[in-house]
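Note on naming: letters A, B, ... go to the chains in the order of the sequence lines (proteins, then strands), and numbering restarts at 1 for each one. Computed from a prediction, not measured in an experiment: that's the story for all the values here. Because only heavy atoms are used, hydrogens play no part in the values below, and waters and symmetry mates are left out as well, while side chains stay in.
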Amino acid sequence: MANPRKFSEKIALHTHRQAEETARFEQIMKEVSDATARVQPERNAKYVLGVNSNENLGSFQGGSLPNVSAGGPTIKTSHNADMP
Amino acid sequence: MANPRKFSEKIALHTHRQAEETARFEQIMKEVSDATARVQPERNAKYVLGVNSNENLGSFQGGSLPNVSAGGPTIKTSHNADMP
Amino acid sequence: NLGGGGNEDQARKREMRLLKNREAARECRRKKKEYIKCLENRVAVLENQNKALIDELKSLKELYCQQKGD
Amino acid sequence: NLGGGGNEDQARKREMRLLKNREAARECRRKKKEYIKCLENRVAVLENQNKALIDELKSLKELYCQQKGD
DNA sequence: TGCGGCTGACGTCAGCCCAA
DNA sequence: TTGGGCTGACGTCAGCCGCA
């Protein structure tokens with residue numbers, strides 16, 4: 001149950017967990033952003049509207065999508081974090 | 001370079017990254033704990049001294065150590081988190 | 001038809017089993033490879049989320065200490 | 001000794017190659033299995049760190065809002 | 001309970017890539 | 001440049017476990 005035997009079940013389990021964790025992650029990030037928006041109006045001004053969600057894909061980007069970064073496991077959640 | 005071919009190099013790379021991330025993780029947790037220690041003296045009182053580091057093992061617990069949890073990948077960082 | 005026919009049927013059944021297992025092995029290797037990529041991608045995602053959370057926690061801590069100093 | 005001796009030497013060399021590659025394949029499979037366990041363990045560790053960071057961020061956010069309300 | 005689907009482990013072939 | 005170390009992929013055997 002906790003450790004399935006079939007690979008498809010393992011993939012489905014990890015995909016499900018990752019979806020839940022990403023949801024909680026984006027939720028807490030939005031909450032903190034809203035809480036600190038008044039004292040820092042210039043901080044997320046140009047980043048918070050860039051979360052159109054096309055970079056932190058939920059699954060493993062396997063099969064289709066040969067683009068996006070074209071270099072193996074290098075995804076980047078891109079919540080205004082690590083931006084040169 | 002970024003994606004080695006040998007499995008041993010991949011393992012060494014992931015072990016190194018995990019060590020660095022764990023160091024930064026424990027550092028920021030300690031900083032926040034110290035910053036909020038005055039207004040919350042009872043919060044970490046019984047947990048902060050429990051970081052003797054024997055549970056969040058850095059490597060993959062593979063090979064030796066058939067104990068600790070004896071059930072595959074179920075490690076738990078145990079920084080007063082998820083404690084029933 | 002108990003001698004040669006039975007042997008021929010057994011041979012056909014064995015060949016069918018080998019063929020089935022052959023294709024199953026191919027699909028199994030493909031799924032395993034996909035599972036490994038899934039794990040690697042999951043590690044990368046969690047890595048970036050950890051970095052972002054640590055940065056946000058650091059910023060909020062600085063804000064908290066700054067406001068606590070008043 | 002160009003005929004049978006050469007064939008025997010080739011046969012020995014081939015056998016040596018097969019033996020070497022056999023042991024190498026065993027070690028490679030072992031390392032691959034170890035790598036998968038490494039990834040799974042890394043995912044579990046990052047998972048718990050993410051949970052702890054989110055909890056800490058949530059607590060600090062509540063503290064910040066509470067102190068900001070004054 | 002037995003059968004069939006998946007997977008673990010093995011040996012072999014082919015190919016990549018780096019140090020002689 | 002090339003021989004040898006590792007790894008990817010294949011087919012086969014053995015074994016587990018869910019399902020008819």
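- Distance A:Asn3 CG to E:dT7 P: 13 Å, rounded to the nearest Å.
- Here the side chains of A:Phe25 and C:Leu46 are not in contact, with every heavy-atom distance at 4.5 Å or above.
- When rounded to the nearest whole Å, the span between CZ of C:Arg17 and C1' of F:dG15 equals 13 Å.
- For C:Tyr35 and A:Phe7, the ring centers are positioned less than 6.0 Å apart.
- Distance, C:Arg22 CZ to F:dA9 C1': 14 Å, rounded to whole Å.
- The separation between A:Lys6 atom NZ and F:dC16 atom P is 18 Å, rounded to whole Å.
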Next item on the list: Dump the intermediate steps for salt bridge (Lys or Arg N to Asp or Glu O under 4.0 Å) on C:Asp55 and C:Lys51, then the final yes or no.
Entry: CA-CA 6 Å; C:Asp55 288 350; C:Lys51 289 180 182 177; over 6 Å; no

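- One can place CD of A:Glu9 at 13 Å from P of F:dC17, the figure rounded to the nearest angstrom.
- Between the side chains of A:Glu31 and A:Gln27, a donor-acceptor pair is found at a separation under 3.5 Å.
- For the pair A:Gln18/A:Thr22, a side-chain contact is recorded, criterion being any heavy-atom separation below 4.5 Å from C-beta on.
- The separation between B:Phe7 atom CZ and F:dG5 atom C1' is 14 Å, rounded to whole Å.
- Within residues 23-32 of chain C, the residues that have a heavy atom under 4.0 Å from DNA chain F are, in order of number, C:Ala25, C:Arg26, C:Arg29.
- For B:Arg5 against E:dC16, a side-chain-to-base donor-acceptor contact under 3.5 Å is present.
- Atoms CZ (C:Arg14) and P (F:dG11) sit 15 Å apart, rounded to a whole Å.
- Looking at B:His16 and B:Glu20, their side chains do bring a donor and an acceptor atom within 3.5 Å of each other.
- Between D:Asn21 atom CG and F:dC10 atom P the separation is 17 Å, expressed in whole Å.
- The phosphate of E:dA9 (OP1 or OP2) has a side-chain N or O of D:Lys33 nearer than 4.0 angstrom.
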